[in-house]
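The analysis underlying the following values was restricted to heavy atoms, covering all of them including side chains, and did not include hydrogens, waters or symmetry mates. In what follows, every chain begins at residue 1, and chains take the letters A, B, ... in the order their sequences are listed.
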2 protein chains.
Amino acid sequence: MSSKGTAEKIIEAALHLVSEKGYTAATTKAIAELAGVNEVTIFRHFGNKRGILKAIIEQFSYYPLLQQELNKNVTWDLETDLLNFSIKHFNFLMSIKDFVMIGFKEAMQFPEINEEIANIPLHIKTELIHYFQEMHDRGKIREIDMEAAALSLIAINFGHFMSRARLGTFVSNMPNEELLKTSVSIFSRGLAP
Amino acid sequence: MSSKGTAEKIIEAALHLVSEKGYTAATTKAIAELAGVNEVTIFRHFGNKRGILKAIIEQFSYYPLLQQELNKNVTWDLETDLLNFSIKHFNFLMSIKDFVMIGFKEAMQFPEINEEIANIPLHIKTELIHYFQEMHDRGKIREIDMEAAALSLIAINFGHFMSRARLGTFVSNMPNEELLKTSVSIFSRGLAP
DNA sequence: CTAGCATGTAAGTAATTACTTGCATGAAAG
DNA sequence: CTTTCATGCAAGTAATTACTTACATGCTAG
């Protein structure tokens, strides 16, 4: 419960509250309360309210977490690889859910967060295109616009993520893996020659 | 420029500001300014700040706009119908972009908006499943989990919408129709027997 | 012309919010 | 034992915000 633990508690509370209510509505008083810390402690640690989010941005560098996973276990079997990718992509988004939500809500006030979020699909797109190109050269994918294909797969996974993260089981209570399995089954068959 | 016009200007300004900055950060002063109206006028029309959003919710009943379009022009050719659907779905979401963004940002403070937004995919899912079922009976779709297929198509379109609505051409500058055409081409081929 | 109605203007209020300051406390380190 | 350091606590401040009240103005319908 030293200094480090306190700062972390504040960051966690802020991450949760800001992602839920937005930056302006998440008051320092409420953040302090949720963190189980006196309000003054927030200012002693981070200077001002923006400082909390600034610390969050600096502390987390999310994308590398996903990138190093993606290139693992490539089998060059289309459906196997895409399912593997989709599950990782989906779980990655779920793991940074609060961060993504803040990025969406506070794009104006914190362009840095928004930019970091926006870069994720951009990076993934590049890697997917490479993969699709290689698969095409191996004769395992038909002639198609690779960029559009990559964007579509990203869109599916992101759509599933948003549905689950925001609406829970309201739209469907199908298990995530089953849903991804079917969507990848359709998608990979649609890509096959 | 009678009473009706004034209320509409206020609603438009609120829709824009709240979707951009969030409910709390969109002050009545700023809304009045953007609407080109005195701040007091807001309270005379809507009682209090929540009243503006309440009026927005009551005024707009979005889904019917889409529903009556969806059942038109069914050709029972898979790719044609899915492309037609996807374009309508995408454009519909674009047309209520501000409303969707508010639903996402203010799910806590305005559960009614969130509920209305959440109902859209639910309704669409039901209709898509019916369509897929009929297509299956006609032997034009392979044996597959219809619910997962419907959810996946919705997810693709929603994902594309989010990408364009939030990130513009940051991830890709491919024209919308071209993107949808490819994604539907993949999807419908993946569904074929 | 006049009566009514929507709006603008000015001024103010109570509550909230981010942030500060001064002091007390308690635990760990030398 | 004593110093240090992180934190709690109490009180306060300046700014902002939602909202009110009272009065002036102008347009429109009868």
Side-chain angles (χ1 to χ4, degrees), chain A residues 1-59 98 102 105-113, chain B residues 1-59 98 102 105-113:
Chain A
M1 61 181 70
S2 68
S3 155
K4 209 173 188 177
T6 303
E8 267 166 19
K9 280 193 297 183
I10 294 170
I11 283 180
E12 265 177 45
L15 208 44
H16 180 251
L17 278 182
V18 175
S19 81
E20 197 170 273
K21 315 166 120 193
Y23 177 73
T24 315
T27 65
T28 53
K29 191 180 167 189
I31 293 171
E33 209 166 305
L34 182 64
V37 157
N38 195 283
E39 194 183 352
V40 223
T41 306
I42 290 181
F43 296 100
R44 288 201 264 243
H45 271 272
F46 303 101
N48 54 34
K49 194 182 171 186
R50 287 190 76 88
I52 311 175
L53 286 219
K54 205 177 151 201
I56 291 178
I57 297 167
E58 282 165 7
Q59 171 175 340
D98 283 346
I102 293 178
K105 290 187 189 184
E106 310 299 337
M108 282 255 312
Q109 278 197 297
F110 297 94
E112 319 96 297
I113 297 185
Chain B
M1 63 179 69
S2 69
S3 154
K4 212 173 185 178
T6 304
E8 267 166 20
K9 280 192 298 184
I10 294 169
I11 283 180
E12 264 177 46
L15 208 44
H16 180 250
L17 277 183
V18 175
S19 81
E20 195 171 274
K21 313 166 121 191
Y23 178 74
T24 314
T27 66
T28 53
K29 191 180 167 190
I31 293 170
E33 209 165 307
L34 183 63
V37 157
N38 196 284
E39 194 183 352
V40 217
T41 307
I42 290 180
F43 295 102
R44 288 200 265 243
H45 270 274
F46 303 100
N48 53 37
K49 194 182 171 185
R50 286 191 76 87
I52 312 175
L53 287 219
K54 206 177 151 200
I56 291 178
I57 297 167
E58 283 164 7
Q59 173 174 340
D98 284 347
I102 293 178
K105 289 187 188 183
E106 309 299 336
M108 282 256 313
Q109 276 197 296
F110 297 94
E112 319 95 299
I113 297 185

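Atoms CD and CD, on B/Gln59 and B/Glu8 in that order, are 6.5 Å from each other to the nearest 0.5 Å. Between the CD1 atom in A/Ile57 and the CD1 atom in A/Ile113 there is a gap of 4.0 Å [rounded to 0.5 Å]. The CD1 atom of B/Ile42 sits 11.5 Å away from the CZ atom of B/Arg44 when rounded to the nearest 0.5 Å.
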Pairs of donor and acceptor atoms involving the side chains of residues 15-25 of chain A, under 3.5 Å and at least two apart or interchain, shall be tabulated with distances.
{"from": "A/Ser19", "atom 1": "OG", "to": "A/Leu15", "atom 2": "O", "distance (Å)": "3.2"}
{"from": "A/Ser19", "atom 1": "OG", "to": "A/His16", "atom 2": "O", "distance (Å)": "3.0"}
{"from": "A/Ser19", "atom 1": "OG", "to": "A/Asp98", "atom 2": "OD1", "distance (Å)": "3.1"}
{"from": "A/Tyr23", "atom 1": "OH", "to": "A/Arg50", "atom 2": "N", "distance (Å)": "3.2"}

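In this entry the distance linking CD1 of B/Ile42 with P of C/dT9 reads 14 Å, nearest Å. Rounded to a whole Å, the NZ atom of A/Lys9 is 10 Å from the C1' atom of D/dT7. Rounded to an integer number of Å, the gap from A/His45 NE2 to D/dC5 C1' is 11 Å. The interatomic distance linking A/Ile52 (CD1) with C/dC19 (P) rounds to 9 Å, in whole Å. One can place CG of B/Asn38 at 12 Å from C1' of C/dA11, the figure rounded to the nearest angstrom.
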Treat primed atoms plus P, OP1 and OP2 as sugar-phosphate and everything else as base, then score nucleotides 13-18 of chain D 5' to 3': B for base contact with protein heavy atoms under 4.0 Å, S for sugar-phosphate contact only, - for none. ----SS
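Comparing D/dG8, D/dT20, C/dT21 by their nearest atom to the side chain of B/Val40 picks out D/dT20.
Contact annotation: A/Thr6 does not reach the phosphate of D/dA6 (side-chain N/O to OP1 or OP2, under 4.0 Å).
Remark: B/Glu33 engages no residue in a side chain to side chain donor-acceptor pair (under 3.5 Å) (not counting sequence neighbours).
Here the side chains of B/Phe46 and B/Ile10 are in contact, with some heavy-atom distance below 4.5 Å.
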